[in-house]
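Scroll down for the structure; my scribbles are underneath it.
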Number of protein chains: 2
Amino acid sequence: MSDKIIKTFKNAETEKISHLDYFNIAVSVDCVILGYEDKQLKVLLIKSDLEEFSGLNSLLGDLVRPDEDLDEASYRILRERTGLNDVYLEQVQTFGRIGRHPSGRVITTAYFSLLDLHHHQLRINQNDLHWHPIHKIGKLAFDHKDILESCLHRLRQQVLERPLIFSLLPEKFSLRQLQEVYEAILGTELDRRNFRKKVSLKDWLVDLNEMEEDVPHRPGKLYKLNPALKKRLRAIFKVV
Amino acid sequence: MSDKIIKTFKNAETEKISHLDYFNIAVSVDCVILGYEDKQLKVLLIKSDLEEFSGLNSLLGDLVRPDEDLDEASYRILRERTGLNDVYLEQVQTFGRIGRHPSGRVITTAYFSLLDLHHHQLRINQNDLHWHPIHKIGKLAFDHKDILESCLHRLRQQVLERPLIFSLLPEKFSLRQLQEVYEAILGTELDRRNFRKKVSLKDWLVDLNEMEEDVPHRPGKLYKLNPALKKRLRAIFKVV
DNA sequence: GTTTAATGTGTTTCAGGTACATATTTGTAT
DNA sequence: ATACAAATATGTACCTGAAACACATTAAAC
């Protein structure tokens, strides 16, 4: 990856391999934007406007601009579509099958992010955007079902080790709520006592000394994410 | 990722965003090809022929051809450079900073592979290709140091859980050799007894009922990778 | 044959995870 | 007011896997 490109730039006319031969692959980014509502993990989808995929939904994506970093493109999409900046985004995998886009050769890099579906700053402007429960998703446009699966797989792998999950929840939450999110992501039931023990052993939570309100049962304590951790997360993941 | 490209294809003349604006990002693949020799993990590097990086080494990579899958490109590079087909390759991460390539906008997807440095089919033809011990590598061209690190990180994460390591070794190997490879990758010393116990609990190995020869000490038993596992690996990782 | 250096096989200990039970607090219905 | 239902909150016993550690055995080298 250095000799060829030189030739491409300098001898485009004389070489068999011309500039356009190589520079005709488009690069896009697709975001798996996940939220949590009604004890379900949901993903933000948009109706595909390609004839080939009429009636199907697709992930939120866009072509990468020549003057923006790959990562930046994913933040831009998230910002444009949700109005949110302060959100964790992680690159997962790049999909580059020849025939994956009907209009031409497009390779795409998949990112996932978790956000609070009820965040006050959240602006889902377009009415063709919708939150879909992940276990009720059928066919998607392009190879987006594969992309979704790979992101969910990554999420499930990491969610127990790293404090990712809190972006899905409001600022204040109870341990029951937290557990329900884990159960929605992992697709399993967890033992309440063991779950609490495990969480309390990590330094992820801060007891707010407040109680739930307006719940039809005994209210539980409220917690928030450890602010020190929040800072560290920002630094590590370069959240804008 | 669907509306924009439609416009790009259909209304290139009338839209502000022209075809060439988007189709001027080149896509490349870089391979971190790892081998094992003299109790060291080594990576296959090539002298960079870019003036900007004169004197520096770089990973083996190439532009992706418009008519080949992204994954296929990585296999092609491996084949062209080593003569080997039957090798495990895994996509790790895509690097897309604007300024990462001095000659233009190029995003690159990193793959790593492990192979037996003394394999009889191995053909390192070009004399500007060299195996470098990974802990003696200084600056590399482009962002290839970052790419190398991310691949090594992935390798270290997975090597204890998945039977990847065997591609680094000859067909027949002793438990000591196997342990030495693990130690080279992880950069730590392992307890011999615990290591053997751990390995024997997995179904990775088959006892060949043969002994080492020409070793200056008591010879150890020889093992090979469980053939059933080999088949499974081929299926999973689509090794050509 | 004695020494040396590696192979080959336990046992003990400790930490983390899983399974499981009981007391407490609040809301709700009577 | 009282009884009941439902969820919170906390503790213990058991099991599994990892880590620390010791000794007998085999073959090469002298």
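Here is how names work: the chains are called A, B, and so on, in the same order as the sequence lines, proteins then strands, and each is numbered from 1.
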How many angstroms lie between atom NZ of A:Lys221 and atom CD of A:Glu210, to the nearest 0.5 angstrom?
12.0 Å

Smallest separation among heavy atoms of [X] and [Y], with atom names:
{"X": "A:Phe112", "Y": "A:Val92", "result": "CD2-CG2, 3.4 Å"}
{"X": "B:Cys151", "Y": "B:Val32", "result": "SG-CG2, 3.6 Å"}
{"X": "A:Asp116", "Y": "A:Leu122", "result": "O-CD2, 4.0 Å"}

Would A:Tyr75 and A:Tyr111 count as a ring pair (Phe, Tyr, Trp, His ring centres under 6.0 Å) here? Give the steps.
CA-CA 10 Å; A:Tyr75 282 110; A:Tyr111 288 76; 7.8 Å; no

Which residues within residues 169-177 of chain B lie with some heavy atom under 4.0 Å of an atom in DNA chain C?
B:Arg176

Interatomic distance where [atom1] belongs to [X] and [atom2] belongs to [N] [whole Å]:
{"X": "B:Phe195", "N": "C:dT7", "atom1": "CZ", "atom2": "P", "value": "12 Å"}
{"X": "B:Glu189", "N": "D:dA20", "atom1": "CD", "atom2": "C1'", "value": "15 Å"}
{"X": "B:Leu190", "N": "D:dC21", "atom1": "CG", "atom2": "P", "value": "16 Å"}
{"X": "B:Lys221", "N": "C:dA6", "atom1": "NZ", "atom2": "C1'", "value": "16 Å"}
{"X": "A:Glu180", "N": "D:dA7", "atom1": "CD", "atom2": "P", "value": "10 Å"}
{"X": "A:Glu213", "N": "C:dG27", "atom1": "CD", "atom2": "P", "value": "10 Å"}
{"X": "B:Glu210", "N": "C:dT7", "atom1": "CD", "atom2": "C1'", "value": "17 Å"}
{"X": "B:Gln179", "N": "C:dG8", "atom1": "CD", "atom2": "P", "value": "12 Å"}

So that I know where these two stand, are A:Phe195 and A:Tyr182 an aromatic pair - ring centroids less than 6.0 Å apart?
yes

Is the CD atom of A:Gln157 crowded by more than 12 outside heavy atoms at less than 6.0 Å?
yes

Hey, can you tell me if B:Phe173 and B:Phe166 have their rings parallel, tilted or perpendicular (30° and 60° cut-offs)?
tilted

A:Arg76 pairs by side-chain hydrogen bond (donor to acceptor under 3.5 Å, both in side chains) with which of A:Asp71, A:Asp62, A:Asp69?
A:Asp62

One character per nucleotide, please: for nucleotides 15-25 of chain C, 5' to 3', B when the base has a protein heavy atom closer than 4.0 Å, S when only the sugar-phosphate does, - otherwise.
--SBBBB--BB

